[in-house]
Peer 1: 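Got a structure for you, questions after.
Just follow the structure's listing: the first ligand is 1, and inside any ligand the first atom is 1. None of the values given here were measured: they were computed from a predicted structure.
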Amino acid sequence: MKIYLDGKFVDEADAKVSVFDHGLLYGDGVFEGIRLYGGNIFRLDEHLERLEYSAKAILLPMPLSRKELSEVTCETCRQNKLTDAYIRLVITRGVGDLGLAPWLCAKPSLFVIASKIALYPKEHYENGLSIVTVPTRRINPAALPPTIKSLNYLNNILGKIEARQFGALEAIMLNDQGYIAECTADNVFVVHKGEIITPAASQGALKGITRSTIFDIAKELKLPIREADMTRYDVWVSDECFLTGSGAEVIPVVKLDGREIGTGKPGPITQQVLASFRRRVLVEGARI
Ligand code: PXG
């Protein structure tokens, strides 16, 4: 496997960063998780824009322009002869001292990995996921805005560990006021009386690229969609529930905390949305 690392394509064995890199020492950096489908990098420009916003939010200078980053991302796929892949773009603060001071880090480090991703088993796309609500709360946006896709994922990782302890693959995380924020690596949607509803980013959700695709799909399918403050009650009384993410794509949820949602089977609107999503991933974005 060839990895892009700071201007060069290197073998996996040589793709190494320093133990003094603040990305490692402090989680000081940003990243993107992007998918390549049949030679098409899905919504690459939106991912690069979010990466730029994440970097700007932590005052991290972008090492490359949008155009250069786009080319490097495509070239990483080509070098590995991939047509379907998961692409990870990472920018770290770079090498510095043993001290927080980011201004003492000489220059940011950029690497791009294009590889496979372990998806949810196929049966869950057909039968739906059973998820849980975990005790760990989503981080308060005043402490660290969850809209920044930073290398600090411990909040999500604690949620993921708890999900597994409860026998689930994914979990709803509430914010500190008890409203639903998102899942550990996915955004959450419900369908109620034909309307699609999702929490606003201000409740502690990442502005997911898949999430924003759902808004476009709803428009195409002429389905009403809106953001709203949501509690678990809204899931309990919903007709359908689904999660979205670059890894998960669109996956139905049929149980929350052991309670059946709707009919207990993936719903018709979820399936319509999923079908439209699968068409879009092949055409929206950049050809490599
Ligand atoms: N919330 C969080 C906290 C995420 O990390 C999403 C929502 C969905 O956003 P997108 O833009 O992907 O629709 C994410 C994305 C992984 C992996 O390594 C994680 C994500 C995406 C791809 C792979 O498990 N998280």
Peer 1: Which residue holds the protein heavy atom closest to atom 9 (O) of ligand 1, what is that atom called, and what is the gap in Å?
Peer 2: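 Minimum-distance protein heavy atom for atom 9 (O) of ligand 1 reads Gly208 CA, 3.4 Å.
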Peer 1: Taking only heavy atoms of Leu206 into account, list the atoms of ligand 1 that are under 4.0 Å away from them.
Peer 2: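 Reading through ligand 1 atom by atom, the close ones are 1 (N), 2 (C), 4 (C), 6 (C), 7 (C), 9 (O), 14 (C).
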Peer 1: Which residue and atom name correspond to the protein heavy atom nearest atom 13 (O) of ligand 1, and how close is it?
Peer 2: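 The closest one turns out to be Thr210 OG1, 2.6 Å.
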Peer 1: What residue and heavy atom of the protein are closest to atom 17 (C) of ligand 1, and at what distance?
Peer 2: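 Minimum-distance protein heavy atom for atom 17 (C) of ligand 1 reads Tyr86 OH, 3.8 Å.
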Peer 1: If you measure from OG on Ser150 to CG on Asn155, what distance do you get to the nearest 0.5 Å?
Peer 2: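 Atom-to-atom, Ser150:OG and Asn155:CG are 10.0 Å apart.
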Peer 1: In the protein, what heavy atom is nearest to atom 12 (O) of ligand 1, and what distance, to one decimal place, separates them?
Peer 2: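 Looking at atom 12 (O) of ligand 1, the protein heavy atom closest to it is Ser246 OG, 2.6 Å.
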Peer 1: Counting from 1, what ligand 1 atoms have a heavy atom of Asn156 closer than 4.0 Å?
Peer 2: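 Answer for ligand 1: 3 (C).
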Peer 1: Between Glu49 and Lys56 (salt bridge meaning N to carboxylate O under 4.0 Å), is one present in this structure?
Peer 2: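 Looking at Lys56 together with Glu49, the answer is no, because their closest N to O distance does not fall below 4.0 Å.
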Peer 1: Suppose I only count heavy atoms of Tyr153 and a 4.0 Å limit; which atoms of ligand 1 are within that range?
Peer 2: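 Per the distance check, 2 (C), 3 (C), 4 (C), 5 (O).
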Peer 1: Going by the order shown, which atoms of ligand 1 are within less than 4.0 Å of some heavy atom of Glu182?
Peer 2: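 Listed by number with element, the hits are 1 (N), 2 (C), 3 (C), 7 (C).
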Peer 1: For the residue pair Glu220 / Ser276, report whether a side-chain donor-acceptor contact shorter than 3.5 Å exists.
Peer 2: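 Present: a donor and an acceptor within the cut-off.
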Peer 1: When the aromatic ring centroids of Phe31 and Tyr153 are compared, is their separation below 6.0 Å?
Peer 2: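 So the answer is yes for these two rings.
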Peer 1: Let me confirm one number: the CD1-CZ distance from Ile225 to Arg211, rounded to the nearest 0.5 Å.
Peer 2: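 Reported value, rounded in 0.5 Å steps: 8.0 Å.
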Peer 1: Atom 6 (C) of ligand 1: which of Ala185, Gly245, Cys183 has the nearest heavy atom?
Peer 2: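 Looking at heavy atoms only, Ala185 sits closest to atom 6 (C) of ligand 1.
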Peer 1: Report yes if some heavy atom in the side chain of Val235 is under 4.5 Å from a heavy atom in the side chain of Val190; otherwise report no.
Peer 2: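 Sidechains of Val190 and Val235: in contact.
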Peer 1: Do NZ/NE/NH1/NH2 and the carboxylate oxygens of Arg35 and Glu249 come within less than 4.0 Å?
Peer 2: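 Result for this pair is yes, salt bridge flagged.
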Peer 1: Short list, please: which atoms of ligand 1 are under 4.0 Å from a heavy atom of Arg88?
Peer 2: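 Atoms satisfying the 4.0 Å criterion: 18 (O).
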Peer 1: Please round to the nearest 0.5 Å and tell me the distance separating atom NZ of Lys81 and atom CD1 of Ile288.
Peer 2: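 If we round to the nearest 0.5 Å, Lys81:NZ and Ile288:CD1 are 11.0 Å apart.
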Peer 1: Among Gly247, Ala181, Ala248, whose heavy atom sits nearest atom 21 (C) of ligand 1?
Peer 2: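 Going through Gly247, Ala181, Ala248 one by one, Gly247 has the nearest heavy atom to atom 21 (C) of ligand 1.
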Peer 1: Using distance alone, determine whether Arg50 and ligand 1 share an N or O pair under 3.5 Å.
Peer 2: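 Between Arg50 and ligand 1, an N or O pair is found under 3.5 Å apart.
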Peer 1: Is it true that atom CZ of Phe20 has more than 12 heavy atoms of other residues, nucleotides or ligands lying nearer than 6.0 Å?
Peer 2: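 No, not enclosed.
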Peer 1: For ligand 1, which atoms sit closer than 4.0 Å to a heavy atom of Lys149?
Peer 2: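 Those of ligand 1 that fall under 4.0 Å from Lys149 are 4 (C), 5 (O), 14 (C), 15 (C), 25 (N).
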Peer 1: Considering the heavy atoms of Thr184, write down every atom of ligand 1 situated less than 4.0 Å from one of them.
Peer 2: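 So the answer, numbered in order with elements, is 3 (C).
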Peer 1: Is there side-chain contact between Asp239 and His192, with heavy atoms separated by less than 4.5 Å?
Peer 2: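 When only atoms from C-beta onward are counted, His192 and Asp239 do touch, with a gap below 4.5 Å.
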Peer 1: Go through ligand 1 atom by atom and flag the ones less than 4.0 Å from a non-hydrogen atom of Ile209.
Peer 2: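 Listed by number with element: 10 (P), 11 (O), 13 (O).
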